[in-house]
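Heads up, the thing below is written out as structure tokens.
What you see is a predicted model; the values in this text were computed from it and never measured.
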Amino acid sequence: MFSANFFMDHESQITLLAAVAIAAVVAWLLLFVIKRVKNQEDDGGEILGHEWDGIAERNNSAPKMMHVLMVGGVLFSLWYGLVGYPLGSFSQITQYNQEIKDYQETFDKNWDHASEEDMLSLGESLFNSKCVSCHGYTGDGQGGKAADLVAFGGVNHVIYVLKNGSKGMGKLTPEMPALYVTLGETEEAKAETAQNLAAYVVSLSGRTAKMGNSESGKEAFDLNCIACHGEDGKGNGMGGMIPNMAADLSQYGTAPYVEAIIRSGKKGHIGQMPSFEAEGTLSDIQYKALSLFVAKGLVEN
């Protein structure tokens with residue numbers, strides 16, 4: 001079966017026309033020969049002495065269309081091998097990528113107005129095919145093999161980042177250091193401040209944390225985080241004068257935040273998460289569905 005792109009490709013169009021022309025000439029020749037044999041026509045050529053069962057070899061010339069077929073076949077072969085494909089830059093990879101792109105556009109059009117429930121269902125199926133090998137079917141990261149997506153977006157995950165730092169977000173500040181040790185003099189003080197700070201970070205994206213005091217956490221945020229993340233948490237550091245200095249915490253835990261990571265990949269302390277955009281197999285709607293499922297379908301927050 002031909003794809004729609006086949007008929008928009010000049011090299012393929014010429015190849016198809018040549019194949020049709022060759023088939024037509026061969027059909028004509030067959031009919032011509034069959035007619036001559038049936039009518040026992042004699043073109044008067046000299047018999048060369050080889051005869052068997054009424055069939056004689058003569059020194060007559062081949063039909064003119066046979067010469068046309070031979071010359072045409074040679075010319076087409078030269079074009080096909082030297083000009084049409086090598087110089088026309090045709091490749092199966094290019095054709096495959098275009099077909100994938102067309103399929104994705106059709107897919108997105110069909111899913112453009114899908115409900116959140118349907119998007120979560122689609123996202124779950126994508127997660128099961130793309131993510132479970134590292135994150136596990138429950139998304140808990142399989143004991144540290146990958147990031148714990150169940151905790152992602154909530155207080156426990158922010159505390160994990162405070163303890164271990166973060167990197168690989170593609171920001172001007174390549175790595176966030178571990179800040180937990182600076183949050184208090186005793187372990188109890190550190191734990192309380194970290195929980196409150198985490199609650200405030202969760203509140204920056206318009207959500208309410210299930211634990212911690214976000215109002216108390218703002219003070220800790222201003223002391224430890226504002227220089228890089230900015231007063232509003234959007235990642236514009238040094239008083240808002242340096243854009244994209246750190247992660248945009250106003251979107252932390254949301255689907256757009258997850259989508260940015262899925263598209264670009266992330267190099268963390270655990271390992272390297274590949275870029276799905278470089279892979280090129282997901283459409284825009286599929287990115288949104290997968291991101292929505294990670295942000296809402298797995299969380300414990």
Side-chain angles (χ1 to χ4, degrees), residues 96-97 99-161 166-171 198 201-210 233-235 247-301:
Y96 170 79
N97 289 337
E99 289 174 353
I100 290 293
K101 181 180 178 181
D102 291 344
Y103 171 80
Q104 290 174 344
E105 290 176 354
T106 302
F107 183 92
D108 284 358
K109 183 178 180 180
N110 293 336
W111 280 79
D112 190 33
H113 301 292
S115 65
E116 182 174 292
E117 182 180 356
D118 289 338
M119 290 290 280
L120 283 170
S121 179
L122 173 60
E124 183 176 12
S125 66
L126 291 168
F127 182 86
N128 289 337
S129 64
K130 294 286 188 180
C131 312
V132 295
S133 58
C134 294
H135 294 280
Y137 281 100
T138 62
D140 62 0
Q142 304 187 91
K145 182 178 179 181
D148 184 351
L149 300 180
V150 177
F152 173 78
V155 169
N156 288 330
H157 183 259
V158 177
I159 293 174
Y160 172 85
V161 174
S166 178
K167 61 181 179 179
M169 293 291 290
K171 306 300 180 181
V201 170
V202 171
S203 73
L204 287 172
S205 57
R207 297 171 296 132
T208 301
K210 292 183 177 181
K234 292 186 177 181
D248 183 356
L249 298 180
S250 68
Q251 290 191 326
Y252 173 70
T254 66
Y257 190 94
V258 177
E259 183 176 343
I261 296 175
I262 293 174
R263 284 182 179 274
S264 63
K266 186 179 187 300
K267 183 177 182 181
H269 298 289
I270 299 173
Q272 175 74 51
M273 173 183 166
S275 164
F276 280 36
E277 199 157 55
E279 183 185 84
T281 56
L282 294 183
S283 70
D284 289 339
I285 290 293
Q286 288 173 323
Y287 276 119
K288 295 183 184 304
L290 178 55
S291 302
L292 183 66
F293 178 71
V294 172
K296 289 190 174 182
L298 291 172
V299 295
E300 64 181 3
N301 311 297

On a heavy-atom basis, which atom in [X] and which in [Y] lie closest, and how many Å separate them?
X	Y	answer
Y252	V201	CD2-CG1, 4.1 Å
M119	L292	CB-CD2, 3.8 Å
A247	Y257	CB-OH, 3.7 Å
A295	A255	CB-N, 3.7 Å
L282	Y287	O-CE1, 3.6 Å
V155	A209	CG2-CB, 3.6 Å

Find the distance between [atom1] ([X]) and [atom2] ([Y]) and round it off to the nearest 0.5 Å.
X	Y	atom1	atom2	answer
D118	W111	CG	CH2	5.5 Å
I261	S275	CD1	OG	12.0 Å
S283	Q104	OG	CD	5.5 Å
D102	N97	CG	CG	11.0 Å
E124	L120	CD	CG	8.5 Å

F107 and Y103 aromatic ring geometry - parallel, tilted or perpendicular at 30°/60° bounds: tilted
Audit row: F127, H135, side chain to side chain contact (heavy atoms under 4.5 Å, CB included) steps and yes/no: CA-CA 9 Å; F127 182 86; H135 294 280; 4.1 Å; yes
[X] atom [atom1], over 12 foreign heavy atoms within 6.0 Å:
X	atom1	result
K234	NZ	no
K167	NZ	yes
K288	NZ	no
K130	NZ	yes

Within-4.5 Å side-chain heavy-atom neighbours: D248 and P256: no
By side-chain contact (heavy atoms from CB on, under 4.5 Å) - contacts of E117 (at least two apart): S115
Verdict with supporting geometry, R263 and D284, salt bridge (Lys or Arg N to Asp or Glu O under 4.0 Å): CA-CA 10 Å; R263 284 182 179 274; D284 289 339; 3.0 Å; yes
